[in-house]
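To start, the structure itself, in structure tokens.
Remember, it's 1-based here, ligands and their atoms both numbered in the order they're listed. The structure displayed is predicted, hence computed values, not measured ones.
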Amino acid sequence: MTVKAKTMLPMVDLKGQYRKIKSEIDASIQECLDSAAFINGAHVKSFQKNLEFYLNVKHVIPCANGTDALQIAMMALALQVDDEVIVPAFTYVATAEVIALLKLKPIMVDVDPKTFNITAEIIEKAITPRTKAIVPVHLFGQSCDMEAIMAVAEKHNLYVIEDNAQAIGADYNFSNGQKAKTGTIGHIGCTSFFPSKNLGCYGDGGAIMTNDDDLAAKLRMMANHGQSRQYYHDSIGVNSRLDSIQAGILDVKLRHLDEYSAARQQAAAYYDAAFAQIEGLETPARQHNSTHVFHQYTLKVKNGQRAALRTYLTEGGVSAMIYYPMPLYKQTAYAHYWQGGELPVTEELCDEVMSLPIHTEMTEETLAYITETVKSFFDK
Ligand SMILES: *Cc1c(COP(=O)(O)O)cnc(C)c1O
């Protein structure tokens, strides 16, 4: 019988991460307090510039959260009621939510069974004369095949809005040898700075990216009450800002992002090696032309053993989460967009996926404990 663990090994360790950069973070927050420039202060401009440089993108428009980023992106494209937007059925709800909110139609499609991402092939089958945009989600930390997706978009004259909430820092490699950061390849990229994201602040935050000057102007206007200059409102917009304290925190953490990604990749490599021989587990596949920044380390648990394994891990003090348990088209709020039937890969993933703890503060000891606990379930 397993002894009930007193403490749980968490999915993320934000306290441990903060402890290591406490002096930098505290100084940045104190600066903000002293300046009292809480909105659009110096930190916002600085973080915007530093993120533009890091991503090698012309424009970053900071905003209040990742969901707003997606909504503002849709608003800036001036889409019409009932225009169709293609999204994966296996994603976080926000991706489809903003589409529905704007009275557009989310067209939910299946994903690749290995990478969990949508592909150009799947997208092309879903295109109709009403299709106006595609939202590739770089799920769990690796890029969709953007070169192929951009080619399909160009052929059918569609906008591409990348949902990069889970993959900031990942590199996509083009066939000609060029590289680009995810979120900078489509017409617009969106990201979230929710605390547990790979680049997270200490509250809510988000950003929109584009290399297009005209789109950047529209995005900025939409995020700021549709205002073209102060007190002149050309469009109906929203109020969505990244506050100065959060921007200051992000500016500090951006300096550590590559080292954070490396720590996640190291933990993933440890898991991969430990689980390679377990028949009932499938370790995460790598997209051949993308790096993986492991927002999540997501296994497929075969033979209907997921629930039992998860219970076993919980009893052993190891957190495990199911991202995501239900296809979007089965969610009460989205079922009416669905034509019927099932998407086989999405169904299978909802039944089999399980994510293990992965974060920037994992020690060899923690990894050994987690992997031994998983192994002992299969050795029973
Ligand atoms: C987190 C997330 C969002 C939403 O970001 P918020 O900042 O929480 O609004 C959107 N899409 C995906 C794929 C996400 O993981």
| message | Please list, in number order, the atoms of ligand 1 under 4.0 Å from a heavy atom of G66. | response | 5 (O), 6 (P), 7 (O), 9 (O)

| Among all protein non-hydrogen atoms, which one is nearest to atom 2 (C) of ligand 1, and what is the separation to 0.1 Å? | K197 NZ, 2.6 Å

| message | Any donor-acceptor pair under 3.5 Å linking the side-chain atoms of E97 with those of T67? | response | no

| query | Under 3.5 Å, is there a donor-acceptor pair between the side chain of D204 and the main chain of N65? | reply | no

| Going by atom types alone, do T119 and D112 pair a side-chain donor with an acceptor below 3.5 Å? | no

| request: Please report which non-hydrogen protein atom sits nearest to atom 9 (O) of ligand 1, along with the residue it belongs to and the distance in Å to one decimal place. | output: T67 OG1, 2.5 Å

| field | Residue part near ligand 1, for D68, under 4.0 Å between non-hydrogen atoms | value | neither

| field | Under 4.0 Å to a heavy atom of V137 - the qualifying atoms of ligand 1, by number | value | 13 (C)

| message | Tell me whether ligand 1 is touched by D204 - counting only heavy atoms on the residue side and a distance under 4.0 Å. | response | no

| field | Polar side-chain atom of S244 near backbone of C32 as donor-acceptor pair, under 3.5 Å | value | no

| request: Indicate yes or no: does E342 engage K330 in a salt bridge with an N to O separation below 4.0 Å. | output: yes

| task | Among all protein heavy atoms, pick out the one at the shortest distance from atom 15 (O) of ligand 1; state its residue, atom name and that distance to 0.1 Å. | result | Q166 NE2, 2.8 Å

